[in-house]
Every structure is written in structure tokens, then in C-alpha cells.
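Report on the structure given below.
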Amino acid sequence: QVQLVESGGGLVQAGGSLRLSCAASGRTSSRYAMGWFRQAPGKEREFVAAINWSGGSTTYADSVRGRFTISRDNAKNTIYLQMNRLKPEDTAIYYCAARGPGLLLPVTTDSGYSYWGQGTQVTVSS
């Protein structure tokens with residue numbers, strides 16, 4: 001089992017920045033890709049960004065590419081989402097997710113992830 005805890009959410013004005021963190025515990029000796037998803041009120045959960053085990057391969061949703069950056073520090077069992085030039089439409093609960101052990105490549109569908117955090121709220125005011 002892997003437990004994921006997100007932090008770093010909050011309220012920010014449009015154009016501002018936030019950095020989300022996701023700390024993993026439990027079966028952290030296993031190797032797995034990880035990702036970020038988000039869910040806005042009344043909407044389906046959607047893919048934001050994902051990163052492979054080594055950190056050398058990343059993928060982004062079109063809506064955030066060029067503004068958000070995903071990274072990871074395996075020594076700290078933590079991944080990050082740096083969010084710049086935030087827009088009101090980025091307002092959502094952001095979830096961290098991990099794939100199953102041995103699944104090293106990032107995917108963009110939530111069904112490809114086995115472990116989920118509880119989420120952290122990001123609110124962008126206009």
C-alpha cells in the first residue's frame with residue numbers, strides 16, 4: 001500500500017503561483033509513475049500532469065502546458081506541481097495519484113492509477 005498526502009493548496013489571485021506537494025509513504029521502495037488530477041465543482045475529474053519514475057519524462061494536459069511543471073524527488077518520496085500564471089478556471093481540488101508497483105510510465109487516465117491522496121483545494125480569484 002502507498003499513502004499519499006497533498007499540501008500547498010490555497011487561495012491565490014489570477015496570475016499568481018502555487019506549488020503543490022505530495023508526500024508518499026508506505027510501500028515507497030517500489031517504483032511507479034505518479035500524476036496530478038483535478039476536479040472542479042460539478043465537473044468530472046481530469047488529468048493535469050504526470051511523471052515517470054526517474055523524472056525524465058513528463059506529460060501535461062493542453063490546458064496547463066507551459067504554465068504548470070511536475071517534478072519529483074525520489075529521495076524524499078515527494079512529487080511537486082509548480083503552478084504559474086494561474087487562472088480562475090484552474091480552481092479545483094487537486095489530487096495526487098500513484099500507479100501500481102513496477103508501472104514506471106505516466107498515463108493520462110485516472111483508471112491507470114492505484115493510489116490516491118485526499119486532495120487539496122486550489123482557488124484562483126479573478
Side-chain angles (χ1 to χ4, degrees):
Q1 280 287 66
V2 174
Q3 292 79 44
L4 304 173
V5 179
E6 303 97 334
S7 61
L11 173 64
V12 64
Q13 288 190 329
S17 299
L18 281 175
R19 188 175 85 151
L20 305 183
S21 299
C22 173
S25 61
R27 195 174 176 178
T28 56
S29 61
S30 298
R31 300 182 174 190
Y32 39 79
M34 296 185 69
W36 289 96
F37 289 75
R38 67 186 182 186
Q39 187 167 21
K43 294 189 176 181
E44 300 265 321
R45 185 164 58 189
E46 66 174 2
F47 168 75
V48 175
I51 189 167
N52 72 337
W53 164 250
S54 68
S57 177
T58 57
T59 186
Y60 296 92
D62 289 343
S63 59
V64 307
R65 187 176 293 112
R67 299 188 298 122
F68 290 11
T69 302
I70 188 172
S71 61
R72 68 189 298 164
D73 184 341
N74 289 337
K76 296 181 178 179
N77 297 318
T78 300
I79 69 167
Y80 306 95
L81 186 68
Q82 177 66 45
M83 306 185 294
N84 298 329
R85 304 199 309 275
L86 282 159
K87 305 175 181 180
E89 51 264 44
D90 294 318
T91 294
I93 299 174
Y94 283 71
Y95 297 92
C96 169
R99 301 203 68 198
L103 298 178
L104 308 182
L105 299 179
V107 296
T108 61
T109 55
D110 56 6
S111 60
Y113 293 82
S114 298
Y115 306 102
W116 293 83
Q118 82 290 347
T120 185
Q121 176 71 48
V122 171
T123 303
V124 184
S125 63
S126 57

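- G35 and I70 get closest at one heavy-atom pair: CA-CD1, 4.4 Å.
- Scanning all heavy atoms of the two residues, the minimum distance from D90 to Y94 falls at O-OH, 2.6 Å.
- You'll find the side chain of W36 reaches within 4.5 Å of the side chain of C96, heavy atoms only.
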**OP:** I would like to know whether T91 and V124 meet side-chain contact (heavy atoms from CB on, under 4.5 Å); could you show each step before the answer?
**Re:** CA-CA 5 Å; T91 294; V124 184; 3.8 Å; yes

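- Note that CG of D73 and CD1 of I79 are 11.5 Å apart. Values are rounded to the nearest 0.5 Å.
- Residues L4 and Y95 are not in side-chain contact: their nearest non-hydrogen atoms beyond the backbone lie 4.5 Å or more apart.
- F37 and Y113 have perpendicular rings, their planes meeting at more than 60° on a 0 to 90° scale where under 30° would count as parallel.
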**OP:** Evaluate side-chain contact (heavy atoms from CB on, under 4.5 Å) for Y80 paired with T69, printing each intermediate quantity in order.
**Re:** CA-CA 8 Å; Y80 306 95; T69 302; over 6 Å; no

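- Remark: the backbone N or O of N77 is not paired with any side-chain donor or acceptor of N74 at under 3.5 angstrom.
- Checking side-chain atoms of R31 against main-chain N and O of S54 turns up no donor-acceptor pair under 3.5 Å.
- The closest side-chain heavy-atom distance from Q1 to Q3 is below 4.5 Å.
- Between Y115 and Y32, a ring centre-to-centre spacing not shorter than 6.0 Å is recorded.
- Two residues are said to be in side-chain contact when any heavy atoms from C-beta on lie closer than 4.5 Å; P106 and I51 fail this criterion.
- Here CD of E6 is found 11.0 Å from CG of L81. Values are rounded to the nearest 0.5 Å.
- Closest heavy-atom contact between L20 and M83: CG-CE, 3.8 Å.
- Stacking of R65 on the aromatic ring of Y60 is not recorded, the 6.0 Å distance cut-off and the 45° axial limit not both being met.
- Among all heavy-atom pairs drawn from V107 and F47, the shortest one is O-CE1, 3.8 Å.
- R99 places a side-chain N or O within donor-acceptor distance of the main-chain N or O of G112, the cut-off being under 3.5 Å.
- The structure places OG of S125 at 5.0 Å from CD of Q13, a figure rounded to the nearest 0.5 Å.
- R85 and G66 make their closest contact through NH2-O, 3.2 Å (heavy atoms, listed as atom of the first residue, atom of the second, distance).
- Across all non-hydrogen atoms, the minimal contact from Q121 to A92 is NE2-O, 3.4 Å.
- Looking at V122 and R38, their side chains never come closer than 4.5 Å, going by heavy atoms from C-beta outward.
- A chain of hydrophobic side-chain contacts below 4.5 Å, direct or via other Ile, Leu, Val, Met, Phe, Trp or Tyr residues, connects I93 to W116.
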